[in-house]
Trainee: 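Let me begin by handing over the structure; questions about it come next.
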Amino acid sequence: MDAFEYAKPSSLKEALGLLGSDWDDASVFAGGTDLISLLKDDVVDTKRLVNIKGIAGLNRVHESAEGVHIGAAVTVEELFSNRMIREQFPAIIDAAEGIRSPQLHNMSTVGGWLCQRPRCWYYRNGFGLLALDKDGQSLVTQGDNRYHAIFGNSGPAKFISPSSFGPVLIALGGEMRIEGPKGARDVAAADFFVIPQKQGEREHALAPNEIVTEITIPAASRGMRNALYEVRPKEGLDWPLTTAAVALRMRGDTVERARIVLGHVAPKPWPAEDAAKWLVGKTINEENAAKAGDAAVQGATPLSRNGYKVQLARVSVKRALLAAVGERRV
Amino acid sequence: MADYHWPPANRRALIGKREKRIDGPVKSSGRAKYSYDINRPGMLWGKMATSPYAHAKVTRIDTSAAEAMPGVKGVVTIVPEGQEVLWAGQEIVAIAADSEERAEAAADAIKIDYEPLPYLVTDADPEHAGAEHSKQLEARVTGNPDQGFQQAEVISEGHYGLPVITHCCLETHGQVTEWNGDDLTVWSTTQNVSGMAGEYVDGLKQQGITVAANNVHVISHYMGGGFGSKFAADTWGIACAQLSKKTGRPVKMMLERDHELMVAGARPSMHAHVKVGAKRDGTLVAWDSESWGTGGPSDAGAPRLPYIFEVPNVRARHTAILTNIGPARAWRAPNHPQMALISNAAMEDLAAKLNMDPVDFMLKNMNLVTAPDRAKTYQEEFAKASELMDWKSKWHPRGKSGAGPLKRGLGVSLHTWGGRGNLSNCLVTIHPDGSVETSLGSQDLGTGTRTVIAIVTAETLGLPLEAVKVNIGENKYPPAGASGGSTTVSGVSTSTRRAATEALNSLLAKVAPSLGATPDQLEAWGGKIQVKGNAAKSISWKQACAKMGASSISGTGKTSNDLMSSGVGGVQMSEVEVDTETGIVKIIKHVSVQDCGLVIDVRTAESQVYGAAIMGITYALFEEKIMDQVTGRCLNPNMEFYKLASIADIGEIVVHMMTGPGYDERGTIGLGEPPVISPGAAISNAVANAIGVRVPELPLTPDRVLAALGTLEKGGVA
């Protein structure tokens with residue numbers, strides 16, 4: 001870790017003024033649960049840490065006519081223990097529950113949960129986000145890719161998006177408010193995550209001088225049955241191998257509208273649109289849930305060592321759908 | 001001659017009871033000082049520049065920029081220009097600065113040029129490794145294997161294996177060193193307090209620094225795990241002492257977590273193709289195995305297959321694969337977990353093919369257990385474990401685990417270990433005020449050694465546990481053996497028994513006249529010195545000690561064969577639940593039944609066995625040092641992807657220590673290693689029983705389990 005300047009602004013304006021035009025100029029710091037390890041491992045170098053936890057208004061959850069608003073500095077634990085979230089959005093609770101560490105619950109923020117960097121071991125061991133060798137060939141493809149992408153991996157990016165919240169937010173039709181020097185813009189969660197195509201690009205739509213300030217789950221998503229299922233090898237703190245987030249608009253026992261988003265399978269959360277379309281007009285039972293799972297993994301392109309993740313993604317979808325309608329069997 | 005024998009069951013106040021570990025409060029409250037906690041006035045921090053290459057020649061080292069950085073006080077070259085490094089993470093230069101951050105920045109600023117050389121970091125089969133990376137260690141034939149297989153009515157063939165794993169000590173390797181004139185003090189996290197001075201004498205001599213062993217002071221009061229990886233001074237210890245010498249200041253140099261996982265300990269892998277045959281009644285007749293594994297750049301000895309059962313006709317070959325993964329170190333029961341997995345999994349597969357309950361199959365072959373009385377021990381342990389697991393009612397034939405994606409199964413394994421005590425010397429001192437101290441140059445790895453010493457002293461002197469002060473963890477005390485191979489409990493408790501008896505006899509001689517008795521008519525019991533068989537004639541311990549005059553009395557003792565023994569059994573049973581849709585294995589229940597002769601403290605003994613079960617569950621389900629042939633590097637040198645079981649992952653663990661007649665009279669036997677041997681085999685067997693097919697390699701991760709289920713779907717071997 002190199003020496004850096006530490007700033008704790010009290011207003012958003014001040015914070016934005018402390019960010020730079022390059023990623024190396026400054027890093028937004030909230031919970032620090034990912035950033036500190038990136039700095040300690042020399043994966044990220046920064047000249048300045050800008051702590052946004054002192055900015056008023058970033059740490060509350062409230063409802064309005066548009067929907068539910070979650071400040072970027074709200075902690076995972078605050079979200080986890082929020083009764084309204086628990087009642088309306090069990091998928092968020094499922095995602096928080098998957099983080100099996102009180103310390104991470106208490107420190108991690110919602111903004112960081114979405115903006116955390118990939119865990120690809122080539123990236124974290126200093127070989128770069130795209131992990132290319134000197135000939136421009138992917139170390140991931142040649143090497144050990146047991147935890148890497150099975151979708152969206154035709155370009156140089158083979159890592160997986162690490163956020164378990166991202167797929168949930170997309171399934172719930174969420175939006176993110178991003179503040180920058182030119183003011184605020186709202187970005188659909190589905191558009192926030194991107195797959196970098198060349199060196200230097202990032203896996204999200206932020207510019208170096210922008211901050212995620214708020215997440216909104218639209219009123220239209222209220223009343224959707226929703227759940228997240230994650231396949232996690234350990235009961236204790238561990239990364240999921242795959243996840244699936246689902247949100248279902250039901251009419252009686254019939255699906256009127258569905259969103260299915262796979263997590264930990266691609267460099268960004270991976271919507272399974274065909275599977276979701278297929279579900280419309282169906283009831284959710286073991287057979288249909290399994291078929292939706294099959295549909296969701298159509299077109300998967302596993303690498304040399306991660307074919308098993310196709311099966312895990314399939315099961316994640318099935319179990320998330322069953323969980324969403326209240327049938328938590330496994 | 002004094003009678004040192006262990007007291008009979010009806011005359012034991014402490015031995016064989018359930019005492020709490022005496023250093024529990026200082027550890028749990030954070031007052032215990034580990035090497036990592038030592039901070040000395042004026043202390044510098046040491047950091048090292050290490051090789052990013054698995055194999056390379058160091059062509060140029062330039063430390064000038066690093067040395068010019070603020071706070072940098074000294075540099076020591078470990079691997080000079082022109083020499084080769086043989087694994088990624090190998091230490092090349094050590095540098096000391098006045099803060100940890102500055103030392104780290106300076107280490108990063110050291111410029112090292114390399115000429116990369118070819119390397120091998122995977123333990124693919126010997127043919128793939130090629131002759132230069134292969135070394136055949138064993139080709140053993142017993143009886144007539146070909147004829148044996150002709151006699152066999154049922155033959156099972158399979159592949160079994162387990163990868164390289166690390167020791168993953170929670171306190172990483174390292175030390176604080178400080179010179180004072182010719183004296184060197186080392187606060188070292190070590191399993192080898194009494195032997196460590198010699199390590200420094202020899203290591204420093206090679207660097208042109210002469211120090212006498214009697215000037216090297218080694219301190220390790222508390223240490224955070226060794227498991228066989230902390231016997232040596234290591235390159236970082238010697239470099240640290242050199243930096244201290246050069247700078248004239250104390251230096252602390254502890255390994256970073258990634259460095260610890262890369263270089264500071266690895267258990268060799270082992271893989272095998274096995275063929276094993278039996279008569280239809282289960283009688284084993286023939287074994288054939290082709291095995292290989294890697295322990296890094298040199299071989300780690302040949303494991304002996306088959307394990308436990310001396311099958312009459314055997315052909316066994318083993319090849320070491322020499323790789324650039326960093327050196328192997330003794331890992332709790334070296335070679336035994338590997339042998340147990342491969343052998344006991346092959347035996348269970350054969351039992352399944354015979355349609356036999358594996359417990360019945362193993363009992364059927366008890367005549368092949370050649371150690372005297374061991375078969376009887378196993379029989380008793382199988383019976384106890386079966387009772388605790390409720391084996392008979394829970395066990396089902398392989399794969400007959402009902403409908404639905406969650407399948408339960410049971411598995412069993414057995415093991416053995418030696419565990420004879422090491423040579424230790426003990427000094428027990430009784431002071432005129434009645435206080436007592438026991439001193440040995442031993443160490444407590446977290447195993448309960450301190451507590452065992454206190455129990456034996458207090459028992460011998462008829463005192464309560466808290467009356468005894470235990471001095472260990474420094475080499476100024478009488479020399480004691482290194483703690484490895486389950487040698488400590490016998491080493492320290494037999495020497496302590498003798499030393500305490502000697503001290504007591506001196507005291508009895510002083511007290512006897514006042515009780516109108518001869519010393520041999522007296523005994524220490526219940527805080528008193530009393531006439532045997534006439535408790536009314538007694539004086540209190542304090543009154544007795546007051547009679548010794550101004551000077552303290554002491555007794556010395558060394559490890560005694562009369563009080564200890566060697567050779568244990570051990571049976572373990574596991575119950576697992578496998579999610580056949582995800583391949584995730586959960587431990588429902590794990591039963592460990594273990595003997596170790598006379599148990600000094602049942603509570604800390606059980607604690608050892610619990611710890612071993614957790615360690616075993618962890619290597620069965622999660623652990624793997626993942627080496628990447630593309631980069632030559634370890635990909636998971638962190639606690640994120642080098643996975644350890646958490647408390648939520650271990651299920652219900654049931655421990656039973658075999659004690660009483662048949663066990664107690666053997667005297668003490670070591671316990672550290674044996675209970676960690678069987679979990680891999682028991683859990684792998686339970687998974688096979690649950691899902692109907694063998695998952696060949698540990699750890700039992702979803703990819704491996706699903707792959708095995710895939711072979712089942714495609715009609716593969718069940």
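Residue numbers begin at 1 in each chain, while the letters A, B, ... track the order of the sequences.
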Trainee: Is there side-chain contact between B:Ser646 and A:Arg100, with at least one heavy-atom pair below 4.5 Å?
Mentor: no
Trainee: When rounded to the nearest 0.5 angstrom, what is the spacing between OG1 in B:Thr580 and CD in A:Gln311?
Mentor: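 The CD atom of A:Gln311 is 9.0 Å from OG1 of B:Thr580, to the nearest 0.5 Å.
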Trainee: Just verifying a value: how many Å separate A:Asn125 CG and B:Cys634 SG, rounded to the nearest 0.5 Å?
Mentor: 7.5 Å
Trainee: Among B:Asn636, B:Leu635, B:Thr631, B:Val630, whose side-chain contact (heavy atoms from CB on, under 4.5 Å) with A:Asp144 holds?
Mentor: B:Leu635
Trainee: Would you name the heavy atoms of B:Pro702 and A:Leu241 that are closest together and state the gap between them?
Mentor: CG-CD1, 3.7 Å
Trainee: Would you mind checking which part of B:Asp703 comes under 4.5 Å of any heavy atom in chain A, side chain (CB onward), backbone (N, CA, C, O), both or neither?
Mentor: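 Contact with chain A involves both backbone and side-chain atoms of B:Asp703.
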Trainee: At a 4.5 Å cut-off on heavy atoms, which part of A:Asp41 comes close to chain B: side chain, backbone, both, or neither?
Mentor: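 Answer is neither: A:Asp41 stays 4.5 Å or more from chain B.
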Trainee: Under a 4.5 Å heavy-atom cut-off, does chain A meet the side chain of B:Ile647, its backbone, both or neither?
Mentor: neither
Trainee: Considering non-hydrogen atoms only, spot the tightest contact between B:Ile626 and A:Arg146 and give its length.
Mentor: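 Heavy atoms of B:Ile626 and A:Arg146 come nearest at CD1-NH1, 3.4 Å.
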Trainee: Test salt bridge (Lys or Arg N to Asp or Glu O under 4.0 Å) on A:Arg319 and B:Asp579; report intermediate values, then the result.
Mentor: CA-CA 13 Å; A:Arg319 293 185 181 179; B:Asp579 184 334; 2.6 Å; yes
Trainee: Is chain A contacted by the side chain of B:Glu104, its backbone, both, or neither, given a heavy-atom distance below 4.5 Å?
Mentor: side chain
Trainee: Under 4.5 Å heavy-atom distance to chain B, tell me which part of A:Lys318 shows up: side chain, backbone, both or neither.
Mentor: side chain
Trainee: Using the rule side-chain contact (heavy atoms from CB on, under 4.5 Å), only one of A:Val315, A:Val231, A:Leu312 pairs with B:Glu581; which is it?
Mentor: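 Of A:Val315, A:Val231, A:Leu312, side-chain contact (heavy atoms from CB on, under 4.5 Å) with B:Glu581 is met by A:Val315 alone.
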Trainee: Which pair of heavy atoms, one from A:Asp238 and one from B:Lys643, lies closest together, and at what distance?
Mentor: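 That would be OD1-NZ, 2.9 Å.
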Trainee: Using non-hydrogen atoms only, which part of B:Asp258 is less than 4.5 Å away from chain A: side chain, backbone, both, or neither?
Mentor: neither
Trainee: Please indicate whether A:Gln199 has more than 12 foreign heavy atoms, meaning atoms of other residues, nucleotides or ligands, lying under 6.0 Å from its CD.
Mentor: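 Counting other residues, nucleotides and ligands, CD of A:Gln199 stays at 12 neighbours or fewer.
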Trainee: To the nearest 0.5 Å, tell me how far A:Lys309 NZ sits from B:Leu706 CG.
Mentor: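 Here the rounded value is 13.0 Å.
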Trainee: I want to check something: taking the side chain as every heavy atom from C-beta on, are A:Arg124 and B:Phe641 in contact at a cut-off of under 4.5 Å?
Mentor: no
Trainee: So which part of A:Arg119 gets closer than 4.5 Å to some heavy atom of chain B, the side chain, the backbone, both or neither?
Mentor: both
Trainee: What part of B:Arg257 is in contact with chain A, defined as an atom under 4.5 angstrom from a non-hydrogen atom: side chain, backbone, both or neither?
Mentor: neither
Trainee: Under the side-chain contact (heavy atoms from CB on, under 4.5 Å) criterion, do B:Glu640 and A:Trp121 qualify, and how do the steps go?
Mentor: CA-CA 10 Å; B:Glu640 176 179 354; A:Trp121 46 29; over 6 Å; no
Trainee: Determine, stepwise, if the pair A:Met1 / B:Glu101 fulfils side-chain contact (heavy atoms from CB on, under 4.5 Å).
Mentor: CA-CA 8 Å; A:Met1 186 188 325; B:Glu101 293 77 14; over 6 Å; no
Trainee: Measure the shortest side-chain to side-chain distance between B:Thr701 and A:Tyr308 over non-hydrogen atoms and say whether it is less than 4.5 angstrom.
Mentor: no
Trainee: What part of A:Asp133 gets within 4.5 angstrom of chain B, counting heavy atoms only: side chain, backbone, both, or neither?
Mentor: neither
Trainee: Taking atom CZ of A:Arg314 and atom OG1 of B:Thr582, what is their separation to the nearest 0.5 Å?
Mentor: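 A:Arg314 atom CZ to B:Thr582 atom OG1 measures 13.0 Å (nearest 0.5 Å).
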Trainee: Donor-acceptor pair, A:Lys234 side chain versus B:Leu644 backbone, under 3.5 Å?
Mentor: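 Indeed, once roles are kept as given, a pair shorter than 3.5 Å links the two residues.
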Trainee: Side chain, backbone, both or neither: which part of B:Pro637 has an atom under 4.5 Å from a heavy atom of chain A?
Mentor: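 Side chain of B:Pro637 only, per the 4.5 Å heavy-atom cut-off to chain A.
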